[in-house]
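Below is one structure, written out as structure tokens; the observations come after it.
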Amino acid sequence: MSFNEVYSGKRVLVTGHTGFKGSWLTMWLLSLGAEVCGISMDIPTAPSLFEMAGLEREIEHHIADVRDLDALALIINSFRPDFVFHLAAQAIVSRSYQDPVNTVTTNVIGMACMLDVLRRCKWPCIAILVTSDKAYENVEWLWGYRETDRIGGRDIYSASKGCAELIIHAYYHSFFRDKGSTVRIGVTRAGNVIGGGDWALDRIVVDCMRAWSDGGIVTIRNPTATRPWQHVLEPLSGYLWLGRVLLNRSALDGEAFNFGPRTEQGRTVIEVVQALGRQWGFSNDAKIYQVVDNAPFNEAGLLNLNCDKALFHLKWEPTLSHEECIRFTGGWYRSVLKEGGDARVLTMAQLDEYQGLASHRQRIWCKGTL
Ligand SMILES: NC(=O)c1ccc[n+]([C@@H]2O[C@H](COP(=O)([O-])OP(=O)(O)OC[C@H]3O[C@@H](n4cnc5c(N)ncnc54)[C@H](O)[C@@H]3O)[C@@H](O)[C@H]2O)c1
């Protein structure tokens, strides 16, 4: 009864479907019986979960730029999605320093183009728009950010996500709210996610796996920085559940929701590297990392999300413990990179295990009704 079977037989558009989160989301939607259409500019990494899992054969796969309004309109108007999950973005913080304009146009103009197509929709549609925890103005405090906190950003990636939020807000009030629109909108802000099948640059888990599978050691820059680690399936359960809830809760139309781990799940970079090392099979005294002090760009400090709003309105809360998150993530890479496991089989097995744990722990989206 996950999500009350609402996705079964539905047409679902996923932008950014070839990326890390998009590949997991596409697989989850396919397993729920959805007909999936994907729009991405490219397959951003080699290898990629998208290709390893052979997803292109199972969906309507489009290579297009979300900044191309006409191309976006053509695809959306012919597919006529019941649900849209807009994930496409320039999502790599380090790249935003190398190519700021591309980051801004993709994340801001791309969002505007999506909203511009949606505002002309004549059929009922739920759109889940993905920004980031980095959309908040980071004032380096220890408390979790709430949905009412200020949007901002001192680096380009964060600012681009903050701008995307402003664009959503303006479009929503100009064209959707009380304007007879057939589209309902949910805005989602999640933090850094980890999990098997990510191959993007400058992400600590990926750096570990690349280094260790090449027989090397990983270089880390901020060993004592604490991050709110969460498995990729956690925010995805929130996105899917928000889509389901918006179907019959018009009062939540246009609302933003944080989806993050519990505060006690925060760990330092070094703790996570060591835990992943144990998953990989290293002994406790093995030298598996080196610390360097040459950060190529400024990284924001502590940034936690307060998820009380998701708990209150959606009854959503995370499912996995930190240890389970590490086991899922490290186990995936060990199996695929060291033991020759099949990425698709493993991903589906983890999806099943995750849903089993969520059901056992009585997560609301497994029951299907609020
Ligand atoms: N991964 C994280 O830790 C994290 C954390 C917070 C928010 N997010 C957000 O979640 C979403 C997905 O992140 P991810 O980690 O899967 O990203 P990713 O880098 O793995 O994938 C990005 C996807 O966007 C597509 N894309 C990029 N530019 C495009 C364009 N101009 N037109 C069409 N498609 C384009 C790529 O082809 C790819 O499919 C992004 O919006 C990202 O900002 C991610």
Side-chain angles (χ1 to χ4, degrees), residues 13-27 37-51 55-56 59 61-69 71-72 75-76 84-96 99 101-114 117 128-136 145 153 155-165 168 187-206 227-236 238-239 257-261 300 303 305 325 329:
L13 174 75
V14 179
T15 72
H17 68 301
T18 59
F20 171 46
K21 279 170 141 179
S23 298
W24 278 89
L25 181 60
T26 298
M27 290 176 83
C37 171
I39 302 176
S40 293
M41 195 171 67
D42 55 9
I43 297 173
T45 59
S48 70
L49 179 56
F50 180 77
E51 287 184 313
L55 294 179
E56 185 174 343
I59 63 166
H61 168 65
H62 293 275
I63 292 293
D65 192 322
V66 289
R67 294 166 290 190
D68 182 341
L69 186 57
L72 202 58
I75 297 167
I76 293 178
V84 171
F85 292 89
H86 180 54
L87 281 74
Q90 195 306 91
I92 312 294
V93 176
S94 60
R95 195 171 294 152
S96 74
D99 198 352
V101 172
N102 181 48
T103 304
V104 171
T105 57
T106 301
N107 298 359
V108 186
I109 305 298
M111 184 64 80
C113 289
M114 174 54 78
V117 176
I128 303 298
L129 307 176
V130 173
T131 66
S132 170
D133 60 348
K134 293 195 169 62
Y136 290 112
Y145 290 85
D155 65 273
I156 298 295
Y157 175 74
S158 304
S160 74
K161 288 292 182 173
C163 283
E165 289 271 352
I168 295 168
V187 183
T188 65
R189 302 168 185 160
N192 279 357
V193 290
I194 62 175
D198 191 4
W199 306 99
L201 281 179
D202 297 324
R203 289 182 178 163
I204 186 64
V205 174
V206 189
R227 304 266 178 250
W229 313 90
Q230 69 177 339
H231 191 268
V232 59
L233 288 172
E234 302 276 35
L236 296 187
Y239 302 169
F257 288 91
N258 292 339
F259 295 108
L303 207 164
L305 290 175
C325 168
T329 304

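Note that the numbering runs from 1 along the sequence shown for the chain. Just so you know, ligand 1 is whichever comes first in the structure, and atom 1 is the first atom listed for that ligand. None of the values given here were measured: they were computed from a predicted structure.
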Which atom of Ala190 lies closest to which atom of Lys21, heavy atoms considered: CB-NZ, 4.4 Å
Which of the numbered atoms in ligand 1 are under 4.0 angstrom from any heavy atom belonging to [X]?
X	result
Ala64	32 (N), 33 (C)
Arg67	31 (N)
Met41	28 (N), 29 (C), 30 (C), 31 (N), 32 (N), 33 (C), 34 (N), 35 (C), 37 (O)
Leu87	11 (C), 12 (C), 40 (C), 41 (O)
Thr18	37 (O), 38 (C), 39 (O)
Asp42	36 (C), 37 (O)
Thr106	28 (N), 29 (C), 30 (C), 31 (N)
Phe20	16 (O), 20 (O)

Out of curiosity, [X] [atom1] to [Y] [atom2], how far, rounded to the nearest 0.5 Å?
X	Y	atom1	atom2	result
His62	Leu13	NE2	CG	8.5 Å
Ile156	Asn102	CD1	CG	12.0 Å
Leu305	Phe257	CG	CZ	13.5 Å
Ile194	His231	CD1	NE2	7.5 Å

Is the closest heavy-atom distance from [X] to ligand 1 below 4.0 Å?
X	result
Lys161	yes
Arg203	yes
Thr131	yes
Gly191	yes
Pro44	yes
Phe50	no

Is there a polar contact, in the sense of an N or O pair closer than 3.5 Å, between [X] and ligand 1?
X	value
Asp198	no
Lys21	yes
Asp65	yes
Val193	yes

Any donor-acceptor N/O pair, [X] side chain to [Y] backbone, under 3.5 Å:
X	Y	result
Thr131	Lys161	no
Thr106	Thr103	no
Glu234	Leu236	no
Trp199	Pro44	no
Asn258	Tyr145	yes
Ser40	Asp42	no
Asn107	Gln90	yes
Ser158	Ala135	no
Thr15	Ile39	no

Closest protein heavy atom (residue, atom, distance) for [atom]:
atom	result
atom 32 (N) of ligand 1	Val66 N, 2.9 Å
atom 6 (C) of ligand 1	Ala190 O, 3.3 Å
atom 23 (C) of ligand 1	Gly16 CA, 3.6 Å
atom 43 (O) of ligand 1	Tyr157 OH, 2.7 Å
atom 22 (C) of ligand 1	Ala89 O, 3.6 Å

For ligand 1, the portion of Trp24 having any non-hydrogen atom under 4.0 Å away: neither
From the candidates Gly19, Gly195, Ala91, Ala164, the one that places a heavy atom nearest atom 42 (C) of ligand 1: Ala91
Residues forming a salt bridge (charged side-chain N to carboxylate O under 4.0 Å, His left out) with Arg95, sequence neighbours excluded: none
